[in-house]
Amino acid sequence: MKYLVDTHTHTIASTHAYSTLQEYIAMAKHKGVKLFATTDHGPDMADAPHFWHFVNLRVLPRVVDGVGILRGIEANIKNVVGEIDYFGDYLQELDIVLAGFHEPVFAPSDKETHTAAMINCINSGHVDIITHPGNPAYPIDITAVAKAAAENNVALEINNSSFLVSRKGSEHNCIAIAKAVKEAGGLLVMGSDSHVAYSLADFTLAEQIVAEAEFPLDRLLNRSPEALLAFLSSRGHGSLDEYSVLLESFDASSN
Ligand SMILES: [Zn+2]
Ligand SMILES: [Zn+2]
């Protein structure tokens, strides 16, 4: 496996996912994954964990058996103003904050509304990564979103599960997104969006998109634990020092 960093996974804390955190850690060890984020759905999702799930992530060890575990959330973009279902000081206490559109929280509307909501969310400063922006159910102005993301040091995700189990028809949008982010000088990240541990760090199809867009790998956050941690630190997340034991691991972009 080339990419040993995954920013997007769900545990049984969201009941439509099927693995525990411990099962993810075991799978990470098995696959050689160095760093992954646990990012359950924000509290407004139909079967999401309670708000306390995210507050109490602080009890998790940061590194287990050489695997780094980032404390995160996949929040819901709630409205056209770009608000999400997590807030205040609690955001900075997490290591990584993802946000995206999900049907039960934000019903698909029109391109103008989706674009405004996503850009307002990017501009809010509360979110590090926008998940599955290529979802065909939520058409957006890709150039405008990529530009806003680049200007605000926010990464856009190429979601591997969009090509497998959900959000059918994402390929075309995702290639356009990768190209637009490249053009805008922004950051891209691949997320497995695993709802079961077996697919942890599986980027098979996302990698094809990145290759097809000829995206520069030095702006792909999965290239090393160091790259992702430096990005999160630049986004204002503190207390990442405990992950420094991971940093002698390799950098995929130099392969
Ligand atoms: Zn999602
Ligand atoms: Zn997800």
Side-chain angles (χ1 to χ4, degrees), residues 3 5-21 23-24 27-28 33 35-49 53-54 57 69-79 82-86 91 94-109 114 117-118 121-122 126-140 145 149 154-171 173-174 177 188-206 209 221-222 228:
Y3 294 101
V5 175
D6 193 350
T7 51
H8 191 165
T9 66
H10 298 278
T11 71
I12 54 169
S14 309
T15 63
H16 66 284
Y18 306 96
S19 297
T20 64
L21 190 62
E23 288 162 348
Y24 275 101
M27 187 58 69
V33 171
L35 180 65
F36 73 94
T38 186
T39 55
D40 273 300
H41 288 285
D44 284 10
M45 189 72 156
D47 66 342
H53 167 90
F54 302 98
L57 285 172
I69 306 137
L70 292 165
R71 305 162 183 177
I73 187 171
E74 185 187 15
N76 294 285
I77 301 175
K78 295 201 299 184
N79 50 39
E83 290 174 320
I84 59 172
D85 53 348
Y86 208 65
L91 283 163
L94 295 177
D95 299 325
I96 183 166
V97 178
L98 322 180
F101 292 129
H102 299 98
E103 273 90 348
V105 178
F106 190 120
S109 170
H114 307 150
M118 201 173 270
C121 183
I122 288 167
H126 293 152
V127 170
D128 307 313
I129 295 171
I130 298 290
T131 56
H132 41 73
N135 186 353
Y138 294 89
I140 51 166
V145 167
V154 168
L156 299 185
E157 180 195 68
I158 302 297
N159 185 295
N160 200 70
S161 82
S162 292
F163 312 119
L164 295 171
V165 286
S166 51
R167 300 179 287 271
K168 294 278 182 227
S170 293
E171 286 87 345
N173 289 341
C174 287
I177 285 167
L188 207 62
V189 66
M190 300 181 293
S192 73
D193 200 0
S194 291
H195 285 68
V196 68
Y198 301 109
S199 53
L200 177 67
D202 178 0
F203 305 123
T204 319
L205 298 163
I209 301 282
L221 295 177
N222 309 82
L228 181 63

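Indexing begins at 1, ligand by ligand and atom by atom, following the structure's order.
Aromatic ring centroids of H41 and H53 lie 6.0 Å or more apart.
The atom of D193 nearest to the Zn ion (ligand 2) is OD1, with the search restricted to N, O or S atoms. Taking the Zn ion (ligand 2) as reference, the nearest N/O/S atom within E74 carries the name OE1. Taking the Zn ion (ligand 1) as reference, the nearest N/O/S atom within H102 carries the name NE2. H8 has its closest N, O or S atom to the Zn ion (ligand 2) at the position named NE2. Restricting H132 to its N, O or S atoms, the one at the least distance from the Zn ion (ligand 1) is NE2.
Inter-residue side-chain proximity for Y86 and V97 is flagged as unmet; no heavy-atom pair is nearer than 4.5 Å.
The Zn ion (ligand 2) does not have H41 among its coordinating residues (no N/O/S atom, backbone or side chain, under 2.8 Å).
For the ring-ring contact (aromatic ring centres under 6.0 Å, His included) test, no residue two or more places apart in sequence or in another chain qualifies with F203. Every residue meeting the side chain to side chain contact (heavy atoms under 4.5 Å, CB included) condition with A117, not counting sequence neighbours, appears here in chain and number order: I77, F101, F106.
In this structure, D47 contributes its side chain and H16 its backbone to a donor-acceptor pair below 3.5 Å.
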